[in-house]
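Note sheet for the following structure.
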Amino acid sequence: MKAIIPVAGAGTKLRPHTYTQPKALIPLAGRTILSIIVDQLVEAGIREFVFVVGYLGEKIQHYVEQKYPDLTCHFVQQNSREGTGHAILLTREIVENDEILIVLGDTIVECDLLEVLHAPYSMLGLKKVDDPRNFGVAELDENGNITRVVEKPQIPKSNLALVGIYKIKETNLLFECLQTNITNKVKSHDEFQLTDALECMIENGVRFNGFKVNNWFDCGRKDTLLETNAILLKKYKLANNPVLPYENTIIIPPVSIGEGCNIKNSIIGPNVAVGDNTVVNYSIVKDSIIGSFSNLYEVVLKSSLIGSDANIRGLSQSLNIGDNTEIDLG
């Protein structure tokens with residue numbers, strides 16, 4: 001079993017942060033989006049990974065090689081972003097005939113991965129949503145078998161969205177369908193979609209079962225990223241170590257504070273993640289993510305996403321500030 005994680009997207013909905021940082025490496029609950037995904041898969045027993053990289057891909061590769069030296073990792077470059085189907089086809093020579101688990105690089109879900117990996121059929125992760133028109137959608141028969149999948153239908157016949165996790169046993173047929181779609185320029189919404197290849201497999205007799213995920217966390221936009229940060233902080237029970245000598249400071253859990261931080265005369269929390277080596281003084285911060293090597297002085301922040309190496313003095317606002325930013329509104 002190999003895991004494929006496409007992380008070539010530019011993450012335009014998280015601008016300006018993704019100008020300098022891949023979306024998969026955005027900090028989340030004291031970790032990164034990518035590390036949460038990889039750690040889940042490693043815990044389920046997967047040891048070989050294929051990362052499809054593109055924009056800022058060298059940062060992804062450096063991060064993975066430094067953090068996971070014991071894993072077997074391959075990196076495939078997607079120079080032109082033509083969709084998830086195109087990304088998966090690029091892994092064909094590495095995958096060969098092995099079964100694969102595809103997890104999209106911004107997909108954090110809670111499910112029984114061991115049950116999925118040991119299932120006798122190919123499996124697609126599903127979740128009921130209020131408006132399925134923005135997702136791939138699966139239609140099921142009375143026995144729970146998936147009879148059709150379609151990408152972002154205008155008139156959905158189901159409210160079961162594909163959440164971005166796919167276990168494929170018939171990998172040869174998957175790659176054949178992907179190649180056929182690309183050769184014949186079969187696109188949905190101007191991209192080569194993995195969903196269209198899955199539909200091709202279904203039409204060729206492959207049995208797909210759906211499995212429902214317990215939780216599906218959205219990491220695509222600032223507001224939903226902050227909500228996910230708060231949920232995961234509570235889940236991981238990441239409260240700040242009370243023995244750390246933060247001078248004249250109140251910590252309101254759940255909070256994650258990185259190594260080497262200098263915090264004093266401040267109130268931090270709840271629902272705050274602070275990166276490594278950040279300085280906070282005379283400030284109040286809640287419901288926010290603060291990057292590493294940043295400096296906050298005399299600020300009141302809520303619902304804010306602050307990148308690394310940012311310097312902020314004297315304001316009370318909701319901010320969306322990227323890396324290497326310097327602001328003085330005092």
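Computation of the quantities below employed the complete heavy-atom set of this structure, encompassing side-chain atoms and omitting hydrogens, waters and symmetry-equivalent molecules.
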I'd like to know if the side chain of [X] reaches the main chain of [Y], judged simply by a donor and an acceptor atom lying under 3.5 Å from each other, with no hydrogens or angles considered.
X: N262; Y: V279; value: no
X: S288; Y: K286; value: yes
X: T84; Y: L194; value: yes
X: N143; Y: N145; value: no
X: T195; Y: Q193; value: no
X: T180; Y: E176; value: yes
X: S266; Y: K264; value: yes
X: K127; Y: N214; value: yes
X: S158; Y: V137; value: no
X: S304; Y: L301; value: no

Rounded to the nearest 0.5 Å, what's the gap from [atom1] on [X] to [atom2] on [Y]? Could you check?
X: F192; Y: K187; atom1: CZ; atom2: NZ; result: 4.5 Å
X: I312; Y: E298; atom1: CD1; atom2: CD; result: 13.5 Å
X: M201; Y: L178; atom1: CE; atom2: CG; result: 9.0 Å
X: N248; Y: I263; atom1: CG; atom2: CD1; result: 13.0 Å
X: S294; Y: I306; atom1: OG; atom2: CD1; result: 7.5 Å
X: E227; Y: S303; atom1: CD; atom2: OG; result: 9.5 Å

Check whether any side-chain heavy atom of [X] lies under 4.5 Å from a side-chain heavy atom of [Y], and answer yes or no.
X: C177; Y: F175; answer: no
X: L296; Y: I290; answer: yes
X: I267; Y: T249; answer: no
X: N271; Y: K234; answer: yes
X: L34; Y: I5; answer: yes

Any donor-acceptor pair under 3.5 Å linking the side-chain atoms of [Y] with those of [X]?
X: N209; Y: R207; result: yes
X: N172; Y: N97; result: yes
X: E48; Y: H74; result: yes
X: T183; Y: Q179; result: yes
X: S292; Y: N277; result: no
X: E151; Y: H189; result: no

Q: Apply the test side chain to side chain contact (heavy atoms under 4.5 Å, CB included) to residues T32 and L28: give CA-CA distance (whole Å), side-chain angles for both, the deciding distance (0.1 Å), then the verdict.
A: CA-CA 5 Å; T32 65; L28 188 64; over 6 Å; no
Q: Could you check whether the rings of Y282 and Y297 sit parallel, tilted or perpendicular, using 30° and 60° as the cut-offs?
A: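 Geometry flag for Y297 against Y282: perpendicular rings.
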Q: Give a yes or no on whether a salt bridge exists between K169 and E99, defined as a side-chain N under 4.0 angstrom from a carboxylate O.
A: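 Between E99 and K169 there is a salt bridge, with a charged N closer than 4.0 Å to a carboxylate O.
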Q) So, R47 and D70, do they make that salt bridge, N to O below 4.0 Å? A)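 Salt bridge flag = no for D70 with R47.
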Please tell me whether [X] and [Y] are part of a single hydrophobic cluster in this structure, the criterion being side-chain heavy atoms less than 4.5 Å apart.
X: L225; Y: V7; result: yes
X: I88; Y: I46; result: no
X: V103; Y: V52; result: no
X: L162; Y: I202; result: yes
X: F75; Y: I102; result: no

When the side chains of residues 110-119 are checked against the rest of the protein, which donor-acceptor pairs come out under 3.5 Å, sequence neighbours left out?
| residue | atom | partner | partner atom | Å |
| --- | --- | --- | --- | --- |
| E110 | OE1 | N215 | ND2 | 2.5 |
| E110 | OE2 | K235 | NZ | 3.1 |
| D112 | OD1 | L114 | N | 3.3 |
| D112 | OD1 | E115 | N | 3.1 |
| H118 | ND1 | L114 | O | 2.9 |

Mind listing the closest non-hydrogen atom pair of [X] and [Y] along with its distance?
X: D106; Y: I37; value: N-CD1, 4.4 Å
X: A87; Y: P6; value: CB-CB, 4.5 Å
X: V272; Y: D287; value: CG2-N, 3.6 Å
X: V149; Y: E199; value: N-OE1, 2.9 Å
X: F49; Y: L41; value: CE2-CD1, 3.6 Å
X: G57; Y: V53; value: CA-CB, 3.8 Å

**Q.** Criterion side chain to side chain donor-acceptor pair (under 3.5 Å) on D196 and N181, from CA distance to verdict
**A.** CA-CA 8 Å; D196 292 332; N181 287 349; 5.4 Å; no
Q | side chain to side chain contact (heavy atoms under 4.5 Å, CB included) evaluation trace for V38 with S35 | A | CA-CA 5 Å; V38 173; S35 70; 5.8 Å; no
Q.
Which residue in the set I231, V213, V163, I36 passes side chain to side chain contact (heavy atoms under 4.5 Å, CB included) when paired with I108?
A.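 The option that passes is I36.
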Q.
Between F135 and V129, does the side chain to side chain contact (heavy atoms under 4.5 Å, CB included) criterion hold? Intermediate values first, please.
A. CA-CA 9 Å; F135 307 97; V129 296; 4.1 Å; yes
Q. Going through the distances and angles, do K167 and S122 end up as a side chain to side chain contact (heavy atoms under 4.5 Å, CB included)?
A. CA-CA 5 Å; K167 190 196 84 164; S122 292; 5.5 Å; no
